[in-house]
Amino acid sequence: MGRPVSPSDGVAMELAIEVRGLRKEYSDIKAVDGIDFEVRPGHIFSLLGPNGAGKTTTVEILEGLRDPTAGSAKVFGVDVTRDYRKIRERVGVLPQDFEPFDRLNPREAVGYWASLFDRRITAAETAATLETVGLTSRAETQAIHLSGGEKRRLGIAMALVGKPDLVFLDEPTTGLDPGARRELWGLIRALQSGGKTILLTTHYLDEAEQLADDVAIMNHGRIVARGSPDQLISQYGAGTTIVLAGAGQAGYDALQARGIVARQENGNVLVHVDDPSQVRWTLAKVASIEMPLKEIYTRRPTLEDVFLRLIGSHMKEGVLAE
Amino acid sequence: MKRILADAKAFGKQYLRSRTGTFFALAFPVILILLFGAIFSGSGTSTLPLYVQDLDNTPASHAFLDALNNTTILVYNPIPANANITSYISEHTISLALVIPRGFQQDVVNRTNVTVTLYGDPTQSSFGIAAAAVSGAITGFNFGVQGARPVVSLRTDTVSQRGTKYIDLFLPGIIGFTVLTTPLFGMTSICAEYRTRKYFKFLGTTKLSKAEWLVAKILFYVLLMFASVALIMAAGVLVFQMDGTLTPVAILLIIAGTVEFTSLGMLLGIFIKDQETSSAIANAIGFPMMFLAGSFFPIDLFPPYLRTVANLLPLTYLNQGLQATMVLGNNAAALVDLAITAVMALIFFVIPARALSWKAK
Ligand SMILES: Nc1ncnc2c1ncn2[C@@H]1O[C@H](COP(=O)(O)OP(=O)(O)OP(=O)(O)O)[C@@H](O)[C@H]1O
Ligand SMILES: [Mg+2]
């Protein structure tokens with residue numbers, strides 16, 4: 001176990017993760033450029049950021065897989081660069097882009113992985129783990145024949161075999177279709193209800209907003225904002241968005257022609273209004289313009305708006321738009 | 001130890017379930033030995049067909065042909081006297097032909113020089129054998145003509161007590177070849193796969209150490225090699241009556257060799273980060289070694305500089321040792337080769353197992 005918490009820490013609860021002044025430099029790039037954060041037990045903490053932000057680098061330092069250039073990284077009070085062994089059994093890991101072993105079925109893979117933690121696992125425990133991730137009916141199918149979502153869930157099952165207190169999920173839903181993503185969200189919430197602490201990296205804003213208790217928005221190796229989704233939205237997401245549902249390209253062009261700044265999203269056209277006193281006026285003006293329209297409504301800001309404001313561009317599949 | 005067994009078991013399951021891997025490991029050496037067996041057991045009894053055009057057709061030329069027959073190496077087939085020798089050779093795709101000129105007997109009686117001509121392709125080993133046999137026959141015939149009695153005579157005896165046939169040397173050769181190629185090429189590609197799929201990192205979060213991972217692979221490959229050796233020997237012995245015994249020293253040699261080449265494969269696969277490069281280097285090491293280490297051709301036939309090269313190759317000692325103990329029954333020599341192989345195995349094992357952690361930079 002970790003060192004005893006000293007009275008001066010002022011908290012009775014041991015932090016699950018504590019990162020201070022963490023840096024990781026490669027010859028040509030500062031992958032992680034001085035970050036601080038802490039994760040409370042039982043929380044879902046999300047590192048949110050575009051490709052190359054430094055999420056995986058941070059997570060792999062915490063998993064004892066890379067040594068930082070400077071700073072400290074503690075998991076359950078243990079310095080992971082020196083004593084990762086001491087907390088290994090309390091940690092479960094789903095690597096980014098996880099691919100299971102092609103020729104093992106989920107039952108075998110879970111048993112194999114448990115034995116690598118010196119954990120004797122009974123058939124009932126294996127079945128229970130597979131039940132948790134919803135793979136019971138696929139238990140005897142070689143992994144090569146599983147769907148993308150099932151493969152990720154098998155990865156999570158393997159991460160869970162050691163009965164960890166803390167689970168690292170590095171982009172668990174990237175590349176999955178919306179249905180499979182939602183299933184995984186349900187699973188991640190269930191893990192949290194089961195008492196586990198989760199560090200989740202993602203570049204999906206809705207994922208962080210839906211799941212995380214605490215979000216750190218990362219870009220270029222730095223944390224640019226931190227807080228719960230609600231805090232971030234009230235702090236940075238000032239303003240209201242007018243949604244012109246179904247307006248499409250024609251609506252966008254019509255607004256452009258009148259010099260109104262707008263953007264398109266899934267066939268809708270969005271107009272952002274910063275000043276609350278201007279909402280009614282803008283709404284009236286926009287509504288008077290001729291365009292195909294299904295519906296018109298206002299929306300409170302989302303993490304999406306926060307991100308746009310902080311980073312200055314949109315993000316799609318981890319890639320920033322100019 | 002439990003972790004090692006669990007890892008070896010999981011690895012073995014995956015290996016055997018991927019059919020191409022298993023095919024190459026088990027069937028390919030058997031196919032090789034059947035091929036070599038078919039090629040070399042045919043000429044193994046080694047009589048060469050010699051086509052003869054006897055333009056003289058006299059008692060003296062017949063006596064010469066008898067002398068040829070007595071060499072027991074050549075089987076003589078006649079070519080009609082009216083045939084044009086060069087076109088006859090090409091029409092009948094004949095590899096060896098001898099022409100006895102008209103006036104042969106006349107010249108022999110007169111003690112004037114007479115020349116018989118041997119047609120053939122000097123790049124073929126059979127030509128050398130035929131030329132030697134013909135010149136032997138000529139020598140005997142000359143003695144007879146001059147009424148001299150031969151002073152020196154030759155008695156042949158086989159070198160090994162067991163009566164080694166050329167093909168018997170292939171059995172240890174193919175075993176050495178298999179112990180080289182299966183683990184070496186297998187491990188370089190497995191390491192590449194483990195890196196691209198990030199399994200090394202994933203394993204790095206478990207309690208399994210790199211040394212344990214390597215030992216598990218070795219364990220599996222040793223079992224696989226014994227299965228493979230059993231099949232190779234069954235094929236060689238049943239189909240071609242090859243001679244060879246799986247002695248205790250041979251078993252130790254196979255184990256040491258498997259450790260050696262599994263570790264070497266891991267060494268390449270781990271130190272060379274790029275998959276194309278590591279498999280190219282494995283090929284660059286593996287292929288010349290197959291041929292230069294005496295798997296298929298005896299090293300004694302090599303020119304001296306190649307023999308020096310051969311003496312630097314790890315596989316040479318495995319091949320030599322296997323030959324010595326399995327075919328020639330010379331365990332003392334095999335033990336020296338075993339010691340060399342074991343030391344190299346240890347070196348190749350220690351470098352990847354010690355020098356690396358799962359950690360990335
Ligand atoms: N071993 C390495 N050598 C050099 N540069 C590296 C190395 N590992 C990571 N980097 C660089 O560090 C930066 C951060 O990479 P990292 O993988 O942490 O990003 P990420 O936030 O996980 O991105 P993604 O969403 O694409 O997974 C990138 O620019 C990457 O190219
Ligand atoms: Mg990443």
Side-chain angles (χ1 to χ4, degrees), chain A residues 24-27 31 56-57 59-69 75 80-81 84-85 87-105 108-121 142-144 151 155 158-159 161-162 164 166-168 170, chain B residues 1-26 186-187 189-217 219-220 224 270 273 275 355-361:
Chain A
K24 177 69 179 177
E25 291 174 15
Y26 291 106
S27 54
T56 298
T57 306
V59 167
E60 289 191 352
I61 291 171
L62 288 166
E63 293 163 354
L65 292 173
R66 302 194 207 187
D67 286 327
T69 311
V75 171
V80 293
T81 54
Y84 186 76
R85 275 171 293 110
I87 44 105
R88 174 158 38 216
E89 277 142 285
R90 299 182 68 188
V91 174
V93 170
L94 175 74
Q96 183 172 2
D97 302 325
F98 173 78
E99 287 279 336
F101 299 97
D102 283 346
R103 300 283 170 193
L104 293 182
N105 64 40
E108 294 164 334
V110 165
Y112 166 48
W113 217 242
S115 62
L116 297 187
F117 286 90
D118 289 339
R119 204 164 276 245
R120 205 184 285 274
I121 190 168
Q142 284 185 20
I144 196 168
K151 286 180 181 176
M158 291 165 81
V161 290
L166 169 65
V167 185
F168 290 101
D170 195 355
Chain B
M1 193 60 201
K2 276 221 189 76
R3 291 196 292 269
I4 295 176
L5 290 178
D7 189 58
K9 191 173 140 201
F11 179 72
K13 247 184 219 163
Q14 296 176 70
Y15 194 100
L16 297 176
R17 282 176 188 173
S18 87
R19 292 196 198 91
T20 44
T22 315
F23 172 82
F24 277 105
L26 295 177
M187 282 305 281
S189 77
I190 285 160
C191 285
E193 186 193 340
Y194 270 54
R195 197 193 338 274
T196 52
R197 297 189 123 192
K198 311 213 178 92
Y199 291 160
F200 283 140
K201 278 186 181 170
F202 202 24
L203 285 165
T205 65
T206 72
K207 284 187 167 181
L208 190 76
S209 72
K210 215 152 209 170
E212 289 172 333
W213 184 77
L214 179 52
V215 171
K217 305 292 115 37
L219 211 59
F220 171 75
L224 184 70
I270 277 181
K273 302 278 186 236
Q275 166 161 20
L356 280 137
S357 73
W358 299 114
K359 270 194 187 185
K361 279 177 293 159

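Here is the naming used below: chain letters follow the sequence lines, and residue numbers restart at 1 for every chain.
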Heavy-atom closest contact ([X] atom, [Y] atom, distance):
X: B:K198; Y: A:D97; value: NZ-OD2, 3.6 Å
X: B:R3; Y: A:D118; value: NH1-OD2, 2.7 Å
X: A:Y112; Y: B:L203; value: OH-CD2, 4.1 Å
X: B:R17; Y: A:R103; value: NH1-O, 2.7 Å
X: A:P100; Y: B:R197; value: O-NH1, 3.5 Å

- Task: Can you tell which part of B:L16 gets under 4.5 Å to a heavy atom of chain A, answering side chain, backbone, both or neither?
- Result: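 No part of B:L16 comes within 4.5 Å of chain A.
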- Query: Which answer fits B:F11, side chain, backbone, both or neither, if we ask what part of it has an atom under 4.5 Å from a heavy atom of chain A?
  - Reply: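 Neither part, no heavy atoms under 4.5 Å.
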- Message: When you compare the side chain of A:Q142 with that of B:Q14, does any pair of heavy atoms fall below 4.5 Å?
- Response: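 Not in contact.
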- Message: Side chains of A:V91 and B:T205, heavy atoms from C-beta outward: is any pair under 4.5 Å?
- Response: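 No. Closest side-chain heavy atoms not under 4.5 Å.
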- Item | Contacting moiety of A:R120, where chain B heavy atoms sit under 4.5 Å |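 Just the side chain, heavy atoms under 4.5 Å.
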- Member of A:E63, A:R66, A:Q96 meeting the side chain to side chain contact (heavy atoms under 4.5 Å, CB included) criterion with B:K201: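 Answer to the side chain to side chain contact (heavy atoms under 4.5 Å, CB included) test with B:K201 among A:E63, A:R66, A:Q96: A:R66.
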- From the options A:V93, A:L116, A:V161, select the one residue that forms a side chain to side chain contact (heavy atoms under 4.5 Å, CB included) with B:T206.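 With B:T206 as partner, A:V93, A:L116, A:V161 yield a single side chain to side chain contact (heavy atoms under 4.5 Å, CB included), made by A:L116.
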- Task: Assign the ring pair B:Y199 / A:F101 to parallel, tilted or perpendicular, where the plane angle (0 to 90°) is split at 30° and 60°.
- Result: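 Tilted: the ring planes of B:Y199 and A:F101 meet at 30° to 60°.
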- Message: I need the A:E99 CD to B:F202 CZ distance, nearest 0.5 Å.
- Response: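 The CZ atom of B:F202 is 11.5 Å from CD of A:E99, to the nearest 0.5 Å.
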